[in-house]
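The analysis underlying the following values was restricted to heavy atoms, covering all of them including side chains, and did not include hydrogens, waters or symmetry mates.
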Amino acid sequence: MVAEGVSAPPKLRLHDVTVTFRARHGALVPAIERLSLDVADREIVSIVGPSGCGKSTLLRLVAGLVRPSSGEIRLDGHVVAEPGADRGMVFQSYTLFPWLTVQGNVEFGPRLRGMPDRHCRDVASRFIQIVGLAGFERAYPKELSGGMMQRVAIARALANDPEVLLMDEPCGALDAQTRVFMQELLLDIWETTPKTILFVTHDIDEALFLGDRVYVMTARPGRLRDEVVLALPCPRTLEVETSEAFLAAKRRVLAMIREEAQRTTPEPSRLRA
Amino acid sequence: MRRPGRRYVSLARTGPIARRPRGPLSEVLRPQEAIPRRTYLRILTASAAALVAVWCVLTYGRLVAPLFLPSPTAVLAAGVAMAQDGTLLQHAQASLLVIVSGWALAVLAGVPVGVLMGSFKAVEALIEPVVDFVRYLPVSALIPLLILYIGIGPAEKIAVIFIGTFFQLVLLVADVAAHVPHEQLDVAYTLGASRGQVIRRVLLPATLPGVMDTLRITMGWAWTYLVVAELVSADRGLGFMILDSMRGLFTDRIFVGLAVIGGLGLCFDLLFKWLHRVLLPWSPKA
């Protein structure tokens, strides 16, 4: 899981990307400003940042759901212009299709491409197995817990065999125990089916635990501050969260976030004046 | 949140609440709290029985003249007589034919238009002026015009129900379509769906529970339009039957008509709820 050499071309490259939205009253609001990021093949890059800093916009950019105002995004050297099956996304909210069973949800992608029934079933059952939901193939989303729904959403994204997996706080709505379970599950899945993953979260521990590299994103307009590279052992277990290397990295991230907060919010003395 | 009732009992024993004795009424009247099914059924039966009791006291006790409120036995006898000579069935059939055809036509036309209006801002801009104007126009105000155009036959009543239902249906369905979670469409795009596939495989199925609810609600309104249309001009139908009974001061027959309309409405409501459960078992409301 170590970043590849400088000579290897990046799997995913964001080059000098700016996104501006037009607000209701016509003013231009920058959501992301001149952001550049390279992600190597099979690398996990996490991005931490406060709410509303443009983390989700960053993922939606790569997914092709949002167009950059300037700059470009390249996947394997090709410019990203619209959404495609090569960039799978897992959202924070529960986005399962309620009218489809677990199986129907997971095989949604292969079916779109007109794969034969047999193939769809095999792919679906394989990924349902991987996320530990064997036996729930015929259940509807309304019968599942939040953690189970997110596992189905991950299986659905993986069953489509994307080049890049974009994860927008997939554990954000889950309770602490389920979240820890999901984080370990994600790494397990990565061991068996390694993907290039861009992972966005506001949870520092989660970002450090999952990411090979961690970026802190600044509040509006969103930019990436310096990266924190981790050299954590693989396969990882939750014990690393108490290791010295992990805590040192956490201190660095916290220091960056504090700096950011001081830069963007007025100081108490100024408030009093 | 539905929590088992027993928990409160044990809490009440240990907590400070225990000092204040609480009657069964206070146990039942907790806002938004579930009550045992048996209690629910008891209250339901008591309410229905009380209604019938009041009716009996008022009529058998001769507190109200039979002209204004006939006794239960009189209404029952009138109902049996009308069922036997076939008039009840004839009027009910005429009404059902009109209401079902008018409503079905409105559904066939209104659901697609509503989905388009809720999904595409361009379509919304295109039809909003018409719909917004007509929705505030009571359909009863159009009856004279419809009689002038179509006459007083069943076609006119079907038109009344169609117009009354169609515009409300379009707006309700448009609202349903507009509230399909945007993330569901986005996730389909990231799974490689084309625009057409997103519409067919995500947008349309996602609207089904809401559309089903809309069908049920508009069917209820259609009964109102039907009776209004039949009161204005008709030679058959349940609304006509009520009006005709009034002319002869047959109050018992009026009550039979009301009971049949209420009963049929209830049947339709139950039918739609059953269909929702059977056709859309995945729906959170099923």
Counting only heavy atoms closer than 4.5 Å, note whether B:Ser283 contacts chain A via side chain, backbone, both or neither.
backbone

Where the side chain of B:Glu183 meets the backbone of A:Ser93, is there a donor-acceptor pair that is under 3.5 Å apart?
no

Go through the steps for A:Leu112 and B:Arg201 under the test side-chain contact (heavy atoms from CB on, under 4.5 Å), then give the verdict.
CA-CA 9 Å; A:Leu112 282 178; B:Arg201 298 199 184 202; 3.8 Å; yes

Side chain / backbone / both / neither for B:Pro284 at chain A, heavy atoms under 4.5 Å
backbone

Close approach to chain B in residues 99-109 of chain A, criterion heavy atom under 4.5 Å:
A:Trp99, A:Phe108, A:Gly109

Are A:Phe97 and B:Gln184 close enough that some pair of their side-chain heavy atoms sits under 4.5 Å apart?
yes

Please say whether more than 12 non-hydrogen atoms of neighbouring residues, nucleotides or ligands are located less than 6.0 Å from CD in A:Gln129.
no

Could you walk me through whether B:Leu191 and A:Met89 pass side-chain contact (heavy atoms from CB on, under 4.5 Å), step by step?
CA-CA 8 Å; B:Leu191 289 169; A:Met89 188 149 169; over 6 Å; no

Can you tell which part of A:Arg60 gets under 4.5 Å to a heavy atom of chain B, answering side chain, backbone, both or neither?
side chain

Return the option, out of B:Leu280, B:Leu208, B:Asp186, with the maximum number of heavy-atom pairs under 4.5 Å with chain A.
B:Asp186

Under 4.5 Å to a heavy atom of chain A? For B:Pro209 that would be neither

Below 4.5 Å, heavy-atom pairs only: which of A:Pro98, A:Ala63, A:Ala157 has the largest tally toward chain B?
A:Pro98

Report, as yes or no, whether the 6.0 Å neighbourhood of atom CZ on A:Arg113 holds more than 12 heavy atoms from other residues, nucleotides or ligands.
yes

What residue in A:Leu65, A:Leu96, A:Asp86 has the most heavy-atom pairs under 4.5 Å with chain B?
A:Leu65

If you check every heavy atom in residues 162-179 of chain A against those of chain B, which residues fall under 4.5 Å?
none

